Amino acid sequence: MTSNINCNTCIIKSSAAKALNSEQLNALGKNCVQIDFKKGDVIFKEGTFSVNITYLREGIVKLHTEGKTSQILKIAKGPRYLGIPTTIEEKINHYSATALEDCHICFIHTNIFKSFIEENKKFAYEIIVELCNSELELFQKCVSRTKNNVYGRLSHALLFFSEKIYETDNFNLPLSREELGNFINTTRESVSRVLAELDSKKVIQIKGRQLKILKPEALKELSVI
DNA sequence: GCATTAACCACAG
DNA sequence: CTGTGGTTAATGC
């Protein structure tokens with residue numbers, strides 16, 4: 001149960017962890033736990049105390065706010081870190097993470113993570129790169145949400161799932177209509193209507209959550225970004 | 001004014 | 001949880 005993890009032999013290291021030497025990887029193994037989550041499981045929750053950096057080795061999660069007006073902030077696919085902004089210099093999680101598919105997660109003590117940043121330049125640099133990518137992605141999303149109408153926002157989201165998450169034109173949507181609405185700032189009714197209309201125009205094929213993108217170019221035209 | 005967009009509500013699968 | 005229809009408020013032309 002309390003056996004240490006061997007991070008030296010991990011084949012799904014983050015690009016930052018690849019910069020660690022063997023000694024540091026041993027230290028990392030002693031200061032983290034790996035936990036498997038099932039689809040639908042809560043990984044961490046908004047408002048709770050947090051002393052860990054969360055590393056999503058494998059799987060897909062949604063980062064979201066709690067409450068009646070729940071917003072989906074981001075959909076993330078492993079490998080990548082999840083909780084850096086909500087853990088560094090913060091005691092309380094500012095958002096929740098829920099598994100959309102089965103996930104392998106490593107919880108890493110914030111202290112060892114911080115010490116790596118101090119003692120290993122390459123590690124720190126790779127963390128900055130990841131945070132920069134994340135910010136750019138959010139800027140894009142921000143523009144899409146501000147400049148696009150419902151068609152454009154949904155098109156953007158469908159392309160995002162297709163290109164960034166599943167890397168195929170044919171996949172199952174990981175979200176309900178309601179959640180999709182929360183993701184692109186609209187209502188479940190609008191999502192239903194737009195999906196039905198795109199289907200009737202043969203831009204996509206939608207059956208329940210089964211989605212096939214027939215004309216990605218058409219979706220790109222609907223979205224300004 | 002008139003048309004369009006999208007939210008809100010209600011009700012039926 | 002979804003799909004659809006009616007209603008309505010806001011916005012653009």
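Since this is a predicted model, take the numbers as computed values, not measurements. In the text below, chain A, chain B and the rest are named by the order of the sequence lines, each starting its count at 1.
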Nucleic acid contacts of residues 181-195 of chain A, taken as heavy-atom distances under 4.0 Å to DNA chain B:
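Correct list: A:Asn185, A:Thr186, A:Thr187, A:Arg188, A:Glu189, A:Ser190, A:Arg193.
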Just by distance, with hydrogens left out, do A:Asn170 and A:Gln205 show a side-chain donor and acceptor under 3.5 Å apart?
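Side-chain D/A pair, A:Asn170 to A:Gln205: absent.
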Review point. Would you say the side chains of A:Tyr55 and A:Ser14 form a donor-acceptor pair under 3.5 Å?
Key: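 Not at all, the side chains of A:Tyr55 and A:Ser14 share no donor-acceptor pair under 3.5 Å.
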Check the orientation of A:Phe113 and A:Tyr81. Use parallel for under 30°, tilted for 30 to 60°, and perpendicular for over 60°.
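A:Phe113 and A:Tyr81: perpendicular rings.
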Practice problem: Could you label the plane-to-plane angle of the A:Phe123 and A:Phe116 rings as parallel, tilted or perpendicular, counting under 30° as parallel and over 60° as perpendicular? | Solution: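 The rings of A:Phe123 and A:Phe116 stand perpendicular, inter-plane angle above 60°.
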Return the value, rounded to whole Å, for the distance between atom [atom1] of [X] and atom [atom2] of [N].
X        : N     : atom1 : atom2 : value
A:Leu222 : B:dA6 : CG    : P     : 11 Å
A:Arg177 : C:dT4 : CZ    : P     : 10 Å
A:Gln210 : C:dC1 : CD    : C1'   : 17 Å
A:Glu197 : B:dT4 : CD    : C1'   : 13 Å
A:Leu173 : C:dC1 : CG    : P     : 15 Å
A:Lys207 : C:dC1 : NZ    : C1'   : 19 Å
A:Leu180 : B:dA7 : CG    : P     : 13 Å

**Request:** Apply the test salt bridge (charged side-chain N to carboxylate O under 4.0 Å, His left out) to residues A:Glu126 and A:Lys122: give CA-CA distance (whole Å), side-chain angles for both, the deciding distance (0.1 Å), then the verdict.
**Result:** CA-CA 6 Å; A:Glu126 291 299 335; A:Lys122 183 82 166 74; 2.7 Å; yes
Can you tell me which nucleotide in C:dC1, B:dA6, C:dG3 comes closest to the side chain of A:Ser176?
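Nearest listed nucleotide: C:dC1.
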Q | Lys/Arg N to Asp/Glu carboxylate O, A:Arg80 vs A:Glu130, below 4.0 Å | A |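 No, no charged N to carboxylate O under 4.0 Å.
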